[in-house]
Amino acid sequence: MSKLLSRKIAPSPMPAEISVVDLIDGYFTAYNSARLREICHLLTQEVLKDGVTVGLSLSGAMTPAGFGVSVLAPLMRNGFVDWIISTGANLYHDLHYGLGLDLFASSPFLDDVKLRQEGRIRIYDIVFGYDVLLETDAFIREILRAEPFQKRMSTAEFHYLLGKYVREVEKQVGVKNSSLLATAYECGVPIYTSSPGDSSIGMNIAALALEGSQLMLDPSLDVNETAAIAYAARETGNPDVAGKSAALIIGGGSPKNFLLQTQPQLHEVLGLEERGHDYFIQVTDARPDTGGLSGATPNEAVSWGKVDPEELPNTIVCYTDSTIALPIITAYVVNQCPPRPLKRLYDRRSAMVEKLRQDYMAAKTDPDRFITSPIPVAGLEEKVVREPAIATYPCGTPIRNGRNGHR
């Protein structure tokens, strides 16, 4: 029998009571339900094991719907998510829950002019008062005036400090279930934002800059720290356990690219041979044929060296609404997988970046990794020292042909 005929569909009537595991295993038989089942199986059977570092990218309005508290926080506490790249908007709206402010489920068909007159904000079918924004903004500005924030830092350090303050507020106001930021602080899960100015948090940081604040979010620190995390994922400290890297992508957009670009940063820019992420799991509603990154497939990512070409069987894309898929996936893995020890990658950032720096400086001494004759640029003096580029094959492996030259 052909290997393509690998799973017989044997339908049976739905029982009155059924667990989430039996529902997915027995009734998610084809199309995107089957892809969702495959994601659950890949996570439980391979990804959420010792030695695999799981990075999650988050886009779309997930936290306003409460998923930061209800879904993402449990994933972190169980050790199933080791580091995160999120839109700033998701982190901003997560703060509402940490501050004990109220958001309400409503209708997507309300009169927006009337809502504006009443001082209410709508995110599709979520409604909350304008004062929720104002109180959240006031909280952000107040704590960002504190001395620990008056310096240059990565967004991981910024969100760690923010989560620390939010956790204290949660205790004061009696919040029962911690927010995404507070949970990440407690679990040592670093959270990065690929576009820190593109949110209300960034808007408030900019306002404080007008007052003379010394806070500066440095994207170069983020790029190096995230690359260092991907680089360190290969080493587990246990010779019997292979280190692997998994990309769990919710939505698409800039966070998706920031997660995946760690691999080209390692081999294309730093000259450190890498094989790409070992696992690529995405839930998206974006089409691949428009050329946008949100819908780009794992196969396309191979050509950039973002995904290991030998690991394509470990790549799955489910085309559905993330607000449907993420709670189902979480319920499945929490039921099926024992908690993993927390990696606390936030605490290891400095050591990982230093290892990356040392190996990069060593790689620069290898002439076979670099192009020594870059394309000339008119107007530059001849004595300008140019950083060598790195020649690689599409899979990301540096070209080692014993000579230098253009790709």
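These figures come from a predicted structure and were not determined experimentally.
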Set out, in order, the CA-CA distance, both residues' side-chain angles and the distance that settles side-chain contact (heavy atoms from CB on, under 4.5 Å) for I121 and V132, then state yes or no. CA-CA 9 Å; I121 306 293; V132 169; over 6 Å; no
So, Q214 side chain and G212 main chain: donor-acceptor pair closer than 3.5 Å or not? yes
Pairing donors with acceptors under 3.5 angstrom, does anything connect the side chains of N238 and T236? no
More than 12 foreign heavy atoms under 6.0 Å from CG of D218: is that the case here? yes
Closest contact, heavy atoms only, C40 versus I24: SG-CD1, 4.0 Å
Ignoring hydrogens and angles, tell me if any N or O in the side chain of R340 forms a donor-acceptor pair with the backbone of K49 under 3.5 Å. yes
Does any N or O in the side chain of Q150 come within less than 3.5 Å of the main-chain N or O of L144, such that one atom is a donor and the other an acceptor? yes
Check for me whether R349 meets the cation-pi criterion with Y346, that is, NZ or CZ under 6.0 Å from the six-membered ring centre and within 45 degrees of the ring axis. yes
How far does CZ of F258 sit from OG1 of T155, to the nearest 0.5 angstrom? 7.0 Å
Approximate separation, where rounding is to 0.5 Å, of Y124 OH and S107 OG: 8.0 Å
Test Y231 against D359 for side-chain contact (heavy atoms from CB on, under 4.5 Å), laying out the working first. CA-CA 10 Å; Y231 192 54; D359 288 1; 2.6 Å; yes
Answer with yes or no whether the side chains of H277 and T315 bring together a donor and an acceptor at under 3.5 Å. no
Taking every non-hydrogen atom, the tightest pair across L58 and P255: O-CG, 3.6 Å
Any chance CZ of R344 has more than 12 other-residue heavy atoms, nucleotides or ligands included, within less than 6.0 Å? yes
Do N32 side-chain atoms and Y319 backbone N/O form a donor-acceptor pair below 3.5 Å? yes
Please report the shortest heavy-atom distance between P15 and Y27, naming the atom on each side. CD-OH, 3.3 Å
Would you say the side-chain atoms of R348 pair up with the backbone N or O of A232, donor to acceptor, closer than 3.5 Å? no
Donor-acceptor pair, side chain of D278 and main chain of S245, under 3.5 angstrom: yes
Could you tell me whether the side chains of Q172 and E168 share a donor-acceptor contact shorter than 3.5 Å? no
Salt bridge or not for R145 and E211, using N-O below 4.0 Å? yes
Is it the case that the side chains of T53 and D82 hold a donor-acceptor pair, with the cut-off being a distance below 3.5 Å and no angle test? no
May I have the list of side-chain donor-acceptor pairs in residues 83-91 shorter than 3.5 Å, sequence neighbours left out?
from: T87; atom 1: OG1; to: N90; atom 2: N; distance (Å): 3.3
from: T87; atom 1: OG1; to: N90; atom 2: ND2; distance (Å): 3.0
from: N90; atom 1: OD1; to: M62; atom 2: N; distance (Å): 3.0
from: N90; atom 1: OD1; to: T63; atom 2: N; distance (Å): 3.1
from: N90; atom 1: OD1; to: T63; atom 2: OG1; distance (Å): 3.4
from: N90; atom 1: ND2; to: G60; atom 2: O; distance (Å): 2.7

Is a side-chain N or O of Y185 found less than 3.5 angstrom from the main chain of H159, in a donor-acceptor match? no
Would you check, one step at a time, whether the test side-chain contact (heavy atoms from CB on, under 4.5 Å) holds for I229 with Y192? CA-CA 12 Å; I229 290 173; Y192 296 89; 3.9 Å; yes
Could you pull out the closest heavy-atom pair between A227 and L356, with the gap in Å? CB-CD2, 4.2 Å
Relative to each other, are the rings of F158 and F149 parallel, tilted or perpendicular (30° and 60° limits)? perpendicular
When rounded to the nearest 0.5 angstrom, what distance separates CD1 in I281 from CD1 in I250? 9.0 Å
Are T284 and I249 packed together at the side-chain level, in the sense that at least one heavy-atom pair is separated by less than 4.5 angstrom? no
For atom CD of E118, decide whether the heavy atoms of other residues, nucleotides or ligands shown that lie under 6.0 angstrom number more than 12. yes
Under 6.0 Å from the CD atom of E46, do we count more than 12 heavy atoms belonging to anything else shown? yes
Which heavy-atom pair separates S179 from V166 by the least distance, and what is that distance? OG-CG1, 3.7 Å
Do Q336 and L48 come within less than 4.5 Å of each other through their side chains, counting heavy atoms only? no
Derivation and outcome, side-chain contact (heavy atoms from CB on, under 4.5 Å), residues V333 and L75: CA-CA 9 Å; V333 300; L75 287 175; 4.0 Å; yes
So K244 and V47, do their side chains get closer than 4.5 Å, heavy atoms only? no
Between Q282 (side chain) and I316 (backbone), is there a donor-acceptor pair under 3.5 Å? no
Residues Y92, H96; criterion ring-ring contact (aromatic ring centres under 6.0 Å, His included); working and verdict: CA-CA 7 Å; Y92 175 74; H96 307 329; 5.2 Å; yes
When rounded to the nearest 0.5 Å, the distance separating CG of L72 from CG of D94 is 8.5 Å
Pairwise side-chain contact, L326 with V283, heavy-atom cut-off 4.5 Å (strictly under): no
Which heavy atom in G237 sits nearest to a heavy atom in P239, and how many Å separate them? O-CD, 4.0 Å
Is there side-chain contact between V317 and F280, with at least one heavy-atom pair below 4.5 Å? yes
In Å, rounded to the nearest 0.5 Å, how long is the span from CE of M352 to CG of D347? 9.5 Å
Taking atom OH of Y160 and atom OH of Y165, what is their separation to the nearest 0.5 Å? 12.0 Å
Just checking, R116 and Y130: is the charged tip under 6.0 Å from the six-membered ring centre and within 45° of the axis? yes
Applying side-chain contact (heavy atoms from CB on, under 4.5 Å) between D112 and each of R122, R120, Q117, report the one that passes. R122
Measuring only between side-chain heavy atoms, which start at C-beta, is K151 closer than 4.5 Å to E157? yes
Heavy-atom check, side chain of Y97 versus side chain of S178, under 4.5 Å: no
Side chain to side chain, E38 and R35, heavy atoms closer than 4.5 Å: yes
